[in-house]
Each structure stands twice: as C-alpha cells, then as structure tokens.
Amino acid sequence: MVDVAIVAFAQRPSVRNAVGDEVELVQPVIQQALEDAGLRASELGFVCSGSCDYLIGRPFSFVTALDAVGAWPPLCESHVEMDGAFAFYEAWVRLQHGDVDTALVYAFGRSSLGSLPIILSQQLDPYTVAPLFPDAISLAALQARALLDGGRATERDFAEVACRSRRAAEGNPNAQLRQSADVEALLGAACLRPPLRVHDCPPISDGACAMVLATGERARAIASARGRAPAWVAGVDHRIDPQDLGSRDLTRAPSAKLAAERAGAHRAPLDLAELHAPFSPQELILREAMGLGPQVAINPSGGALAANPMMVAGLTRVGEAALRIHDGRAGRALAHATSGPCLQQNLVCVLEAR
Amino acid sequence: MSIPPTPAGPALEFDPPLSPVMRIDCPVRLDYTIAAGREQSRFLRAMSRGHLLGRRCPECRKVYLPPRGTCPRCGVMTAEDVEVQPRGTITTWCVTNVPYEGQVLELPYVTASVLLDGADLPFYFLIQGLPADQIRMGMRVEAEWADTLGPTLDSIRCFRPSGEPDADPASYAEHV
Ligand SMILES: [Zn+2]
C-alpha cells in the first residue's frame, strides 16, 4: 500500500443563506488549503470534489465549481455526487497507483436554496418510495421511534447527544449552533416530528471545505515544513446497507460496523471519533455499531448537529480528525461519513500519527 | 437453503398476461430560491441600469462577462470591475430550424457566441435583423436593449448587425 496522509485542511464557517455562489463559497477554502500545503493547483496530481446538483437545482454545478480551482494547465479531475468524504476515498484510491503524490479534495453545499428535507426524499427508491415524498426528518424520526420501541435508547439519551455536541461546538468557530440548554430544558420542548425535537435535528447549513493529501516522503516534507504531524490514513472503507428501508433493522448499522472493522478501527485504541450523525439518535446507533466506548471522545468539533452543510459535513469529520492529529491533540482518530437515508451508507477512515 | 413454495392465492387476470409495466407517473416538484453570487448580482444589477459589467483577473488580466467570482484559468478571485461595450464580434453561431415544445421564436432563428468588445469570454445571445443564411463568423453586432430594464438577461432583447465591416479573424481567433 502507498502511505497517504492528510497534510492540510481548510473550512469556512457554516451559515444559513450564505452570500455567494458555489465558486465564491469554495474558492477561498481551496486557496487556503493549497497555500497551507505550499502547493499550486498546477502541481496537483489529482483533484476530486463532492457535491450534489439537487441541492441548488442546477445541473453540473460541480463543473462550474471547477472555476475555483484554476483549470489551466488542464487538471486530472473527478467528482462524486456525494459527500466530499467519498471524494476523499476516491483520491486515496487514486494515490494508491503511485504515479502521483498529491491530491486536492473539496466539497461544497448550499442547503439553503431549496426545501432540503423534501429534496432528500428524491434519493429514495423512485418507484415506490420517492413518490410519497417522505422527508428526511420523518425518516430519521422513524429510525428514532424504532430505537425507543426496541428499548435501546430514551429521549433523554437523544437530548444528551444534542447537548454535548452543541456545547463541544462552543470551541469551534466554524460551527453554526454553538450552545445548548441543559438536558432537562431540552426535554421540555415540543416534538417536531415525534419523537424528534428540534434539538435532535441538524441546522440547515451552507458550507465548503478543502483538503490536501500527499504520499510518503512528500507528505512528510509538507507537514514537517509546517511543524505538524501528517495525519496518515491507516485504513478507509465504505459499506452500504440495502436501500429499501423495510428490509433493514433501522436501529442498527451493519455497514458501519463492517466499515469500521475493515478500516482497522479496533487494531489499537482510539483517542477520538468524528461521527457524521445528522440526527442525535444516529450517533447512538453508530457508537454501538463501531464499538466506541466511553474512552473515545465523540465529536469534539460538535459534529453534524452543530453544522451540517450537505456534501461537506462528512469530509469535515475527516478534516476535524486530521487537524487533531496535526497538532498532537490526538494520536489515533476515527472519522466517519454517511450518505443516504437513515445511515444507509457508511464510510470509516482511521487516521494516525506515526 | 430451500425456498418454501409460495402459497396459492386467488388467480389474477392479466391482459395481456403478465405484461411488464412500461410507464408510471411520478410528478416531482422541487422549489428553489435563486441566490446569485456576489459577482453575478453586481452584473445583474448593472444590467438593470443598462451597463455590462465584467471582472478582470489580477493574474492573466482576462475580463470575464458574466463574472463568476474567479478566473477559471488561474483559480483566483477576480478583483476589478470592467465595463464592457454592448457590441462585439460573432465567433460562432447556430441556426435553429426544428420546432420544439416551448418554442416562442419564429423559425428559423439564430443564436450566436458574441465576443463583446473589452471581454475575453464569448457570451450567447439571440441575433435578429438579418436572414438566417447571412450569419457568419466575424460579423459585428450591437445590443438592442429592452424597453424595461431589470436584473435579468432579458434586459438585452437581442443583438443586431451594427453595419461595421467584419472583424479581422486574428482579433477573435483565440476565442473560437
Ligand atoms: Zn486569470
């Protein structure tokens, strides 16, 4: 295997109704990540982005966004219609070829322009489910209800996740929701989609982030020149559960369990895990699936409950974990990204200092 | 593993027997709020005052219209306003002869890539005021503004031949 490390990561603060189109949103973070790695776009071996045209209702917005990179001389470029974390995976695979030694990964999402919960219903089975327009919050509520009915969690457990996440975000200037009332007060609120309350749901966020990967000696050189530890990718894996919601036990995430195992999560103790759980009950499911005990700090950044720019929040988990390796706050970290309804797809990446 | 036999149910009548479903109707409607970016907003507001406002790249000095925030060649933010003239040179063109759903213009009609004077990026416009078979590269055209201006491309009704001699091909060769 070719050793690949994250050597730079940049993100912009998540906000609702960001001013600026996708190019204006993503160009500053791309520039910041490249400058931080001491690279020019023309030197990059590979470029891969993650975004989704449904968010803004305009086809090929990822082509438009390429204007933010600078495409002359021509780039070797790819795109996933998914979260940027899956673009990160593609870039890692590309670097395994060994013929190029740097890659840029970026993601952008403007979730504010449409009715996000309804837009997300269009990723469901187009014949029998999508025509019913089940919105994303209702599907997450279905999952939460199954957890409660199965006696696997309580509404207090959900509130504790939300409270801890948003209080952790107080130290994260890029987060959108950065404080929380205490659990008792949260539980006093009315339900939005029973059993979910507003605090169990993510904010609507616009955002962008960018990351630079490098291999072996190149990674060591870039990182040491900046006084940071390269965040080496010890393992990465992506697994998918069935799309049909009725054929899944929504209270479990077997694909997350498998991805964590295949990524080598359990080979050594973890200091922290950045989990992409947009709804509070989903964090409980992921922690159980991946066997993350109380010794693992969960979402020190605040996670997706504190800021959830669509197509960006997963890559941000990888970036937040990498930043903590860079400055020595963590020696071994897990990052997770999800896609699809109710944690259908799960990507797990293990980062470590060496 | 053995699969249990399916219990016999009431017989279903198919006509024709077991024909596949070839079509279902699933109407989808998604509503969006348009939010043009900072630079496109400046461009559109300038149009509502009868001006064409481009932006210049600080590195390669090219002028982009419409501006989109960055220079796609250099990947840097464009930084300087440049007023572009409402006349230019046709670099390539298309004659539409085939009717289609939603068509409002009389056939045949011409659309063309127009390199506006002072801009480095051709822009598509409707061309009127000449028989379709007389359209050509290098032809000089000028904008006809709409009676009512607004923050929309409809502020320019079309371009028409300006009567100037055709442009030297070298003047637009880089933009074809
Ligand atoms: Zn330029």
Side-chain angles (χ1 to χ4, degrees), chain A residues 16-28 30-31 34-35 39-42 44 47 53-58 61 63-75 104 106 110-122 124-133 206 210, chain B residues 3 19-47 53-81 119-124 151-153 174-175:
Chain A
R16 189 159 190 169
N17 297 321
V19 177
D21 59 21
E22 42 277 11
V23 169
E24 291 167 334
L25 217 58
V26 78
Q27 195 277 344
I30 290 174
Q31 186 176 338
L34 289 177
E35 281 175 3
L39 290 172
R40 298 167 58 88
S42 56
L44 292 165
V47 176
D53 286 351
Y54 273 77
L55 292 180
I56 64 166
R58 195 167 83 187
S61 54
V63 177
T64 310
L66 265 179
D67 287 1
V69 188
W72 188 264
L75 299 166
L104 169 72
Y106 64 92
R110 297 169 84 195
S111 315
S112 303
L113 299 183
S115 174
L116 181 62
I118 290 293
I119 288 170
L120 290 175
S121 72
Q122 296 308 298
L124 303 166
D125 176 286
Y127 306 108
T128 60
V129 187
L132 303 173
F133 288 91
D206 297 345
Chain B
I3 298 169
S19 59
V21 175
M22 299 299 286
R23 179 192 163 115
I24 61 170
D25 287 325
C26 302
V28 174
R29 181 191 163 119
L30 299 172
D31 291 317
Y32 296 89
T33 306
I34 296 296
R38 277 186 296 267
E39 292 212 350
Q40 281 196 39
S41 295
R42 293 160 63 85
F43 164 75
L44 290 167
R45 291 207 182 92
M47 267 203 119
L53 196 61
R55 294 279 274 181
R56 191 190 304 277
C57 170
E59 287 191 10
C60 69
R61 309 298 293 163
K62 286 187 187 300
V63 172
Y64 294 99
L65 185 120
R68 280 215 299 258
T70 62
C71 171
R73 186 186 173 97
C74 306
V76 298
M77 289 285 195
T78 46
E80 182 192 339
D81 284 339
D120 288 292
L121 194 67
F123 199 174
Y124 268 97
T152 160
L153 289 180
E174 194 196 333
H175 300 283

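Throughout, a chain's letter reflects where its sequence line sits, starting with A, and its residues are numbered from 1.
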Determine whether B:Arg68 and B:Gln40 make a side-chain contact, defined as any pair of heavy atoms from C-beta on separated by less than 4.5 Å.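 They are in contact (side-chain heavy atoms under 4.5 Å apart), so the answer is yes.
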
How many angstroms lie between atom CD1 of A:Ile118 and atom CZ of A:Phe133, to the nearest 0.5 angstrom?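 The CD1 atom of A:Ile118 sits 7.0 Å away from the CZ atom of A:Phe133.
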
CD of B:Glu39 to CE of B:Met77: how many Å apart, nearest 0.5 Å?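 With rounding to 0.5 Å, CD (B:Glu39) is 7.5 Å from CE (B:Met77).
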
Name the region of [X], side chain, backbone, both or neither, that has any atom closer than 4.5 Å to a heavy atom of chain B.
{"X": "A:Ile56", "result": "backbone"}
{"X": "A:Arg110", "result": "side chain"}
{"X": "A:Leu55", "result": "backbone"}
{"X": "A:Val19", "result": "both"}
{"X": "A:Gln122", "result": "side chain"}
{"X": "A:Pro126", "result": "backbone"}
{"X": "A:Ala41", "result": "neither"}
{"X": "A:Gln27", "result": "side chain"}

Would A:Arg58 and A:Asp53 pass as an ion pair if we require N to O under 4.0 Å?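 No.
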
Judged by modelled atom types alone, do A:Asp206 and A:Ser112 share a side-chain donor-acceptor pair under 3.5 Å?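 Present: a donor and an acceptor within the cut-off.
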
Go through A:Val23, A:Leu113, A:Asp21 and name the one with the most non-hydrogen pairs under 4.5 angstrom from chain B.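 Heavy-atom pairs under 4.5 Å are most numerous for A:Leu113.
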
Heavy-atom pair of closest approach, residues A:Val47 and A:Tyr106: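 For A:Val47 and A:Tyr106, the tightest heavy-atom pair comes out as CG1-CE2, 3.8 Å.
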
Got a sec: does the CZ of B:Phe123 have more than 12 other heavy atoms crowding it under 6.0 Å?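 Check passes, neighbour count above 12.
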
